2 protein chains.
Amino acid sequence: MTQSHKGHDHVWADDLTRNQELVLGTLAHAHGPLSAYDILDRLRDDGLRAPLQIYRALDKLTERGLAHRLESLNAFVCCADAHCHQSGCIAFAICERCGKVEEFAEPAIESELKGWSKASGFVPSRMTVELRGLCAGCASQPA
Amino acid sequence: MTQSHKGHDHVWADDLTRNQELVLGTLAHAHGPLSAYDILDRLRDDGLRAPLQIYRALDKLTERGLAHRLESLNAFVCCADAHCHQSGCIAFAICERCGKVEEFAEPAIESELKGWSKASGFVPSRMTVELRGLCAGCASQPA
DNA sequence: CCCGATATGTTATTTAGTTACATCCGCGCG
DNA sequence: CGCGCGGATGTAACTAAATAACATATCGGG
Ligand SMILES: [Zn+2]
Ligand SMILES: [Zn+2]
Ligand SMILES: [Zn+2]
Ligand SMILES: [Zn+2]
């Protein structure tokens, strides 16, 4: 029985390894961002035991843009938009009450940052834009 | 002898506590960003021993805008521009070769982000913008 | 002087990420 | 087939980053 790793309802890429698929599946089914150790806890039953196994998978996934790291949270999310890597600069809005994360690409922001870089001689390789605050739902909540 | 804490060449604010002044002084004299533990190591001779002492001082300093936290680095820098807190959104360009950090405020970026927030109902409380790459000096270096 | 607020000091613990090293598995090649 | 190589895995030990819990000290106002 060839039995590659089944059991998932969605396929993101056909060449993910077992661990990568497990990690990405966990992120995809989560309601919000997860730390590497959160992910590990959820994958103990699948045989994963060491942080490094998670970090290795996350490295590959973030390299390929299938997952993103939230720097201000030390946590990771599944990419919400399969085409986000076409835009070099992805921004995140993180709700501090419910934990929801919205991923969005504002080309204007990217060009602003590129403009500053050009003017100052800085050569950017990676851009991090993260907003903290309250999502629309939580902001309109009573208390 | 009243002897508040002297020995510094510059005064940032007159009401800093001893630990806050030590930490800010360390950041100010550093050539690049420092982690909390880096700071601790440099303040052992001044009697500081526990991470918490550093983190407490850093909390106050960042609250007041005298220091900034670089989320993508888990490190801190002294504020380069005493008036930066007038702008809600401060951006950083971090050189991955020499470690130099440039702090800049692009009002256009802030208004872009505010625009997105307004349109989507998100209520931001804090914004993080960090560029990684090569500073002008390092980018023009041979290898 | 007493009290509350703020700052400090100390120890232990939790959370995050890395280093080092052994093993395993698929694949091309002689 | 047998070998060698690169990528993925597994495991243990460790460093780094941040916090929890608790005890003291310091200062200013009533
Ligand atoms: Zn994405
Ligand atoms: Zn929310
Ligand atoms: Zn500043
Ligand atoms: Zn540089």
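Letters A, B, ... mirror the listed sequences (proteins, then strands); counts begin at 1. Nothing here was measured: the structure is a model prediction, and the numbers come from that model.
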Group every Ile, Leu, Val, Met, Phe, Trp and Tyr by side-chain heavy-atom contacts under 4.5 Å, then state whether A/I94 and A/V129 land in the same group.
no
Over how many whole Å does the gap from B/R18 atom CZ to C/dT8 atom P extend?
9 Å
Between atom CG in A/L58 and atom P in C/dG17, what is the gap in whole Å?
9 Å
B/K60 side chain N/O closer than 4.0 Å to the phosphate oxygens (OP1, OP2) of C/dT6?
no
Relative to the 5' end of DNA chain C, which residue comes earlier, B/G47 or B/Q20, by the nucleotide with the nearest heavy atom?
B/Q20
Rounding to an integer number of Å, can you tell me how far B/L40 CG sits from C/dG9 C1'?
13 Å
Using the side chain to side chain contact (heavy atoms under 4.5 Å, CB included) rule, pick out the option among B/L73, B/V77, B/T26, B/V23 that qualifies with B/L34.
B/T26
How many whole angstroms separate atom CG of B/L43 from atom P of C/dT8?
13 Å
Name the closest nucleotide to the A/L48 side chain, picking from C/dA7, D/dT11, D/dG10.
D/dG10
Atom CD of A/E71 and atom C1' of C/dG17: how far apart are they, to the nearest Å?
13 Å
Letter per nucleotide, 5' to 3', of nucleotides 17-22 of chain D [B base touched, S only sugar-phosphate touched, - untouched; heavy atoms, 4.0 Å]:
BBBBB-
Spacing of A/I54 atom CD1 relative to D/dA8 atom C1', expressed in whole Å:
14 Å
At under 4.0 Å, does any side-chain N or O of B/Q53 touch on OP1 or OP2 of C/dT8?
no
